[in-house]
S.K.: 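Submitted below is the structure of interest, expressed as structure tokens.
Here is how names work: the chains are called A, B, and so on, in the same order as the sequence lines, proteins then strands, and each is numbered from 1. What you are looking at is a predicted structure, and each value in this text was computed from that prediction instead of being measured.
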2 protein chains.
Amino acid sequence: MTVKAPGGAPPRGPAAAREIWTLLVELSMSNLRERFIGTVTELELSPPQAHALKVLRPGNPIAMRELADGLHCDPSNITGIVDRLEARGLVERRAAPGDRRIKTLLLTGSGVELRARLLDRLSEPPPAIAALTADEQRQLRDLLRRVVGGR
Amino acid sequence: MTVKAPGGAPPRGPAAAREIWTLLVELSMSNLRERFIGTVTELELSPPQAHALKVLRPGNPIAMRELADGLHCDPSNITGIVDRLEARGLVERRAAPGDRRIKTLLLTGSGVELRARLLDRLSEPPPAIAALTADEQRQLRDLLRRVVGGR
DNA sequence: TATTGTTATACTCTATAACTATA
DNA sequence: TATAGTTATAGAGTATAACAATA
């Protein structure tokens with residue numbers, strides 16, 4: 001059921017759309033959130049550190065500034081986040097060729113390894129999805145593709 | 001494509017299940033996250049404050065301890081979060097009848113109002129969902145119900 | 001003894017503003 | 001002048017440990 005502000009506008013759109021959204025929010029807040037927090041905690045990463053590891057693809061050095069954009073945060077935060085990743089030997093700062101203001105970030109060997117473990121665990125589907133029949137899975141996949149694509 | 005750790009186990013389960021999960025994660029990290037951050041920022045709430053407002057249902061006073069459980073965090077954090085909500089006049093601390101150790105939390109009038117605005121905005125489905133046909137929406141809703149229910 | 005809420009402490013994330021070294 | 005990265009600072013969330021009041 002939908003909560004309304006007293007005197008607020010009535011719900012727009014069909015009820016099914018609202019329930020879909022509510023279900024997606026629930027999923028994100030429970031199942032998905034627990035999985036993410038649990039995984040990064042096991043790997044001794046903070047959420048922004050894990051996010052940074054996802055953005056830093058092996059063999060693709062990027063500037064600090066680009067990482068800030070990827071993490072949707074102010075560049076001043078990146079210094080500390082990268083400091084901690086570098087202290088753990090997961091990332092290296094390198095001088096950029098051509099512009100001496102820029103430092104590029106590169107995953108180390110163990111950075112690449114930890115990133116792979118992280119992505120592998122995060123991409124493991126929960127039992128509730130695996131419990132659907134193959135047909136239902138294809139159906140759900142196609143519908144979600146359209147929702148994610150149609151942004 | 002799936003990222004594998006060198007020497008790691010191959011992906012379990014059908015590819016569709018993994019893609020579904022990946023799509024749900026993407027949705028959660030982009031569309032859903034932006035909506036949530038944008039909404040709570042507009043209402044001048046922090047994410048935990050917004051979460052607390054969701055847990056504190058009108059007419060249902062709960063103990064600080066229960067709120068800590070609802071927010072999945074240590075009780076010591078609740079003091080500060082409630083301090084700030086109380087300073088804004090959204091919540092009141094009250095003595096609990098029967099056990100003088102316990103303080104119960106109650107939404108004020110403006111707390112109830114802000115909570116309604118928050119939930120109303122968060123439950124508004126994004127265009128990509130509204131763009132599906134009524135049939136597709138019912139299909140997607142039913143599948144998600146099973147995923148969320150089958151936990 | 002155990003529980004409720006608080007305080008003290010320490011760490012991380014977050015933004016803003018000022019600084020440096022480059023461009 | 002403008003940009004990349006850093007530093008300083010302040011506010012908020014997080015956990016652990018210790019505490020007072022109460023059960």
S.K.: Would you say the side-chain atoms of B:Glu136 pair up with the backbone N or O of A:Leu143, donor to acceptor, closer than 3.5 Å?
M.R.: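 No, the answer is negative, given that no donor and acceptor are paired below the 3.5 Å cut-off.
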
S.K.: Return the value, rounded to whole Å, for the distance between atom CZ of B:Arg94 and atom C1' of C:dG5.
M.R.: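 Spelled out: CZ on B:Arg94 to C1' on C:dG5 is 18 Å.
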
S.K.: Counting only non-hydrogen atoms, which of residues 46-71 of chain B are less than 4.0 Å from DNA chain C?
M.R.: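 Residues of residues 46-71 of chain B that come under 4.0 Å of DNA chain C are, in numerical order, B:Ala63, B:Met64, B:Arg65.
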
S.K.: If I take atom CD1 from residue A:Ile62 and atom OG1 from residue A:Thr104, how far apart are they, to the nearest 0.5 angstrom?
M.R.: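 Here the interatomic distance stands at 9.5 Å.
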
S.K.: Find the distance between CG (A:Leu132) and CZ (A:Arg138) and round it off to the nearest 0.5 Å.
M.R.: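 These two atoms lie 12.0 Å from each other.
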
S.K.: Atom CG of B:Leu122 and atom CH2 of A:Trp21: how far apart are they, to the nearest 0.5 Å?
M.R.: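 Going from CG on B:Leu122 over to CH2 on A:Trp21, the span is 9.0 Å.
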
S.K.: In residues 72-87 of chain B, which residues come under 4.0 Å of DNA chain C by heavy atom?
M.R.: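 Residues of residues 72-87 of chain B under 4.0 Å from DNA chain C: B:Pro75, B:Ser76, B:Thr79.
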
S.K.: Considering only NZ, NE, NH1 and NH2 on the basic side and carboxylate oxygens on the acidic side, decide whether A:Glu19 and B:Arg145 come within less than 4.0 Å.
M.R.: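 Salt bridge between A:Glu19 and B:Arg145, a charged N being under 4.0 Å from a carboxylate O: yes.
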
S.K.: Between N or O atoms, less than 3.5 Å apart, protein on one side and nucleotides 19-23 of chain C on the other: list the pairs.
M.R.:
unit_1	atom_1	unit_2	atom_2	d
C:dA23	OP1	A:Arg100	N	3.0

S.K.: When rounded to the nearest 0.5 angstrom, what is the spacing between CD in A:Gln49 and CD in A:Glu44?
M.R.: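 With rounding to 0.5 Å, CD (A:Gln49) is 10.5 Å from CD (A:Glu44).
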
S.K.: Would you please test B:Leu114 and B:Arg88 for side chain to side chain contact (heavy atoms under 4.5 Å, CB included) and show each step?
M.R.: CA-CA 11 Å; B:Leu114 187 59; B:Arg88 271 183 68 183; 3.8 Å; yes

S.K.: OP1 or OP2 of D:dA4 sitting under 4.0 Å from any side-chain N/O of A:Arg93?
M.R.: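 Answer is no, no contact under 4.0 Å.
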
S.K.: Step by step, work out the side chain to side chain contact (heavy atoms under 4.5 Å, CB included) result for A:Leu43 and A:Arg121.
M.R.: CA-CA 10 Å; A:Leu43 302 181; A:Arg121 295 204 197 182; 4.1 Å; yes

S.K.: Tell me the interatomic distance from B:Leu45, atom CG, to C:dT14, atom C1', rounded to whole angstroms.
M.R.: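 Rounded to whole Å, this separation is 16 Å.
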
S.K.: Between the side chain of B:Thr108 and the main-chain N/O of B:Gly89, is any donor-acceptor distance below 3.5 Å?
M.R.: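 Between the backbone of B:Gly89 and the side chain of B:Thr108 there is a qualifying donor-acceptor contact (under 3.5 Å).
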
S.K.: Kindly compute the distance separating CG (B:Leu27) from CD1 (B:Ile129), expressed to the nearest 0.5 Å.
M.R.: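 Answer for the CG-CD1 pair, B:Leu27 versus B:Ile129, is 7.0 Å.
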
